[in-house]
Amino acid sequence: MRLNSRIILHIMGLLLLVNGGFMLVAAAVSLIYKDGATLDISLAALSTMFTGMLLMFATRKHKKEVQRKEGYIIVTFGWIVMSLSGMLPYLFSGAIPGVTNAFFETISGYTTTGASVVDNIEALPEGILLWRSLTHWIGGMGIIVLAIAILPLLGIGGMQLFAAEAPGPSADKLHPRITDTAKRLWLIYVGYTAAETLLLSIAGMSFFDAINHALATLSTGGFSTKNASVAHWNDTPAIQYIIMLFMFLAGSNFVLSYFAFKGKIQRILKDEEFKFYAGFILLFTILAAVVIYFQANVPVSDFHPMVLGEAESSIRHGLFQVIAIVTTTGFVTADFTSWTPFLTIFFFGLFFLGGSAGSTAGGIKVMRHLLIIKNGILEFKRTLHPNAIIPVRYNDKTVKEHIVYNIIAFFVLYMLLFIIGALVLGILGLDFESAIGGAASSLGNVGPALGSLNPVSNFNSLPNAGKWWCGFLMLAGRLELFTVLILLTPYFWKRT
């Protein structure tokens, strides 16, 4: 079967056109604030849009059918093309000099990882700051479409389970009801962003900071406009609670939000993944808050004199960091690696949890953990009753065996890539803590890591090769591993 390269290039052109359009928004903000970067961002936007239009015009005569093989290429190369074009505003303005640093910042944005190489974020022009946040938001919106419409088509990572009101698309074309659902989820995504912007503005943030943090929250990205991240507002608990609420919503299945707005609350309460997602956050928060209150050496300045004093602050810091890491948003209110050794290991473990399937969160996802645990428990029964057929059930439905195998394969591959990722960073000179933290954070799209890559530092200390490697891990983790890694296999490129 010949590869339909024209449709691939046509879609790449469309992505460039969209990317350039968002750059023009950043250029407009730059003009309003007169930050000196308007011309540079505009030039980047026009260059990107012109290239996109040329590609679309040159491939206007193409077969409209997208087969599975083209799907893998479009998804992976789409993110790469967006990242390559998205770094132009940084390079043209000189805000982030050097291709390596600019590409790292951009792919960290689109994959909603939030790891940065910028030492002084507050010195960046407003237009560039908005562009950083927009890369998050574009990437997060793209992930919703992937989860709803494209990943089930490709059979990736057990995402067939995540079908809203239809069982999923056929093998060669998208189901109209699925694409219609994706559009509705986009509206929810935009609505949540607008709501958070408004609430943060009311709570005391400037409108510019509010919209940037809303863009970063709903995408579970984590880029902030402040060097101290959300710790900048430690004396304004209302701001942090608002961000927590929307991080929680962004890390939950967006289809559940859709059901909520349709009044189908029972669908949410019966959803197994949501119950475990909320339960994990509650349990981990209690554990973290107790340790923070009794053992952590948190500076007094981090506490706000509310009614409950240090107890409230312990709960707030614990809840914030648990939600930020579980949802892979990566905002920080303090350096959690400096609290206690137990909490450092505890939060490192949360790097591997991830949010819900169908959310903008990265990581392994709660659904996969849940099904792996269920299957593991059932293995005891199968051992005692080898002739019995005991299927895994999820939301009162039998999970097909091949989906369980797919999820187990994903988990094994994920852990293997984490080990390889840490080994490569170790070879490049990172100490043990920084290497395992950097690999887990990049692969899980978390943002802050451990060691020299801790929450109050950044990834600028990485050697250039380390930045490219972490960029690859971010992309692989964001696109569910198989989508990227299958392109590295020889048989993928053989004609069939």
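Computed over heavy atoms, backbone and side chain alike; hydrogens, waters and symmetry mates excluded.
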Item checked: Shortest non-hydrogen separation from Gly447 to Phe459 and the atoms involved -> O-CE1, 3.2 Å
Note to self: In the structure I gave you, are the side-chain heavy atoms of Met474 and Tyr110 within less than 4.5 Å of one another anywhere?
What the structure shows: no
Next item on the list: To the nearest 0.5 Å, tell me how far Ile372 CD1 sits from Ile377 CD1.
Entry: 12.5 Å
Note to self: Quick check on the 6.0 Å ring-centre criterion: do Phe352 and Phe418 meet it?
What the structure shows: yes
Check: Tell me, do Val392 and Thr398 make a side-chain contact under 4.5 Å, heavy atoms counted?
Finding: no
Check: Between Tyr277 and Phe248, is a ring pair (Phe, Tyr, Trp, His ring centres under 6.0 Å) present by the stated rule, with each step listed?
Finding: CA-CA 9 Å; Tyr277 168 68; Phe248 179 83; 5.0 Å; yes
Margin query: Under 3.5 Å, is there a donor on one side chain and an acceptor on the other for Asn234 and Gln240?
Written below: yes
Checklist line | Nearest non-hydrogen partners of Ser441 and Pro448, listed with the distance | finding: OG-O, 3.2 Å
Check: Does the side chain of Asn387 come under 3.5 Å of the side chain of Arg382 through a donor N or O and an acceptor N or O?
Finding: no
Check: CD of Glu122: more than 12 outside heavy atoms within 6.0 angstrom?
Finding: yes
Margin query: Any salt bridge linking Asp209 with Lys226? Criterion: basic side-chain nitrogen under 4.0 Å from a carboxylate oxygen.
Written below: yes
Item checked: Donor-acceptor side-chain pairing of Asn253 and Ser356 below 3.5 angstrom -> no
Checklist line | Within 6.0 Å of CZ in Phe472, more than 12 heavy atoms from elsewhere | finding: yes
Check: With the threshold set at 4.0 Å, does a side-chain nitrogen-carboxylate oxygen contact exist between Glu272 and Lys275?
Finding: no
Check: Under 6.0 Å between the ring centres of Tyr414 and Phe411?
Finding: no
Next item on the list: Could you tell me whether a side-chain N or O of Arg393 sits under 3.5 Å from a main-chain N or O of Lys374, the two making a donor and an acceptor?
Entry: no
Check: Is there a donor-acceptor pair under 3.5 Å between the side chain of Asn458 and the backbone N or O of Val118?
Finding: yes
Next item on the list: Return the minimal non-hydrogen interatomic distance between Glu312 and Pro237, and the atom names on each side.
Entry: OE2-CB, 4.4 Å
Item checked: Check: Thr193/Trp137 side-chain N/O donor and acceptor closer than 3.5 Å -> yes
Check: Within a strict 4.5 Å, meaning less than it, do heavy atoms of the Phe254 and Leu249 side chains meet?
Finding: no
Check: Does the side-chain contact (heavy atoms from CB on, under 4.5 Å) test come out yes or no for Phe284 and Leu353, once each step is laid out?
Finding: CA-CA 12 Å; Phe284 296 149; Leu353 184 56; 3.9 Å; yes
Item checked: N/O donor-acceptor pair under 3.5 Å between Ser457 side chain and Leu453 backbone -> no
Next item on the list: Check whether any side-chain heavy atom of Lys467 lies under 4.5 Å from a side-chain heavy atom of Asn460, and answer yes or no.
Entry: yes
Note to self: Please check if the number of heavy atoms outside Phe77 that lie under 6.0 Å from its CZ is greater than 12.
What the structure shows: no
Next item on the list: Under the side-chain contact (heavy atoms from CB on, under 4.5 Å) rule, what do Arg132 and Ile121 come out as? Steps first, then yes or no, please.
Entry: CA-CA 10 Å; Arg132 284 174 84 237; Ile121 294 166; 3.8 Å; yes
Next item on the list: Would you kindly say whether Tyr293 and Ser313 are connected by a side-chain donor-acceptor distance under 3.5 Å?
Entry: no
Notebook entry, point to check: Is there a side-chain contact (heavy atoms from CB on, under 4.5 Å) between Glu105 and Phe223 once you walk through the steps?
Noted result: CA-CA 10 Å; Glu105 196 79 11; Phe223 278 155; 3.6 Å; yes
Note to self: Tell me whether Glu196 contacts the main-chain N or O of Phe246 through its side chain, where contact means a donor paired with an acceptor under 3.5 Å.
What the structure shows: no
Margin query: So does Ala216 get a backbone contact from the side chain of Ser133, meaning a donor-acceptor N/O pair under 3.5 Å?
Written below: no
Next item on the list: I would like to know whether Val326 and Ile323 meet side-chain contact (heavy atoms from CB on, under 4.5 Å); could you show each step before the answer?
Entry: CA-CA 5 Å; Val326 168; Ile323 295 179; 6.0 Å; no
Checklist line | Between CG on residue Leu129 and CG on residue Leu124, distance to nearest 0.5 Å | finding: 5.0 Å
Notebook entry, point to check: Side-chain contact, heavy-atom cut-off 4.5 Å: Trp468 with Phe104?
Noted result: no
Check: So among Leu319, Val290, Ile292, which one has a side chain to side chain contact (heavy atoms under 4.5 Å, CB included) with Ser314?
Finding: Ile292
Next item on the list: For this output row, return yes or no: ring centroids of Trp186 and Tyr189 closer than 6.0 angstrom.
Entry: no
Item checked: Contacts of type ring-ring contact (aromatic ring centres under 6.0 Å, His included), residue Phe320, not counting sequence neighbours -> none
Next item on the list: To the nearest 0.5 angstrom, please state how far the OG1 atom of Thr113 sits from the CG atom of Leu443.
Entry: 9.5 Å
Notebook entry, point to check: Could you state the interatomic distance from CD1 (Ile315) to OG1 (Thr285), rounded to the nearest 0.5 Å?
Noted result: 9.5 Å
Item checked: Contact check, side chains of Met205 and Thr236, non-hydrogen atoms, under 4.5 Å -> no
Next item on the list: Report yes or no: does Thr344 contribute a side-chain atom to a donor-acceptor pair with the main-chain N or O of Thr337 at less than 3.5 Å?
Entry: yes
Note to self: For Ser452, is there any backbone N or O sitting under 3.5 Å from a side-chain donor or acceptor partner on Ser434?
What the structure shows: yes
Next item on the list: State whether Phe410 and Arg368 meet the cation-pi test: NZ (Lys) or CZ (Arg) under 6.0 Å from the six-membered ring centroid, and within 45° of the perpendicular axis.
Entry: yes
Checklist line | Aromatic ring proximity His213/Phe331, centre distance under 6.0 Å | finding: yes
Check: If you look at every heavy atom in Ala439 and Gly421, which pair is closest and at what distance?
Finding: CB-C, 3.7 Å
Next item on the list: State the CG-CD1 distance between Leu200 and Ile211, to the nearest 0.5 angstrom.
Entry: 11.0 Å
Notebook entry, point to check: Any sub-3.5 Å donor-acceptor pair from Thr489's side-chain atoms to Ile486's backbone N or O?
Noted result: yes
Notebook entry, point to check: What closest approach, in Å, do Phe351 and Ala440 show between heavy atoms, and which atom pair accounts for it?
Noted result: CD2-CB, 3.8 Å
Checklist line | Leu269 side chain near Ile265 side chain, heavy-atom distance below 4.5 Å | finding: yes
Next item on the list: Would you name the heavy atoms of Leu462 and Cys470 that are closest together and state the gap between them?
Entry: CD1-SG, 3.8 Å
Item checked: Non-hydrogen side-chain atoms of Tyr241 and Leu245 separated by less than 4.5 Å -> no
Next item on the list: Check whether any side-chain N or O of Thr220 sits under 3.5 Å from a backbone N or O of Thr329 as a donor-acceptor pair, and report yes or no.
Entry: no
Checklist line | Whether Asn19 side chain and Met82 backbone form a donor-acceptor pair below 3.5 Å | finding: yes
Notebook entry, point to check: Got a second to check how far Leu473's CG is from Ile107's CD1, nearest 0.5 Å?
Noted result: 10.0 Å
Notebook entry, point to check: For residues Thr112 and His136, is any side-chain donor paired with an opposing acceptor at under 3.5 Å?
Noted result: no
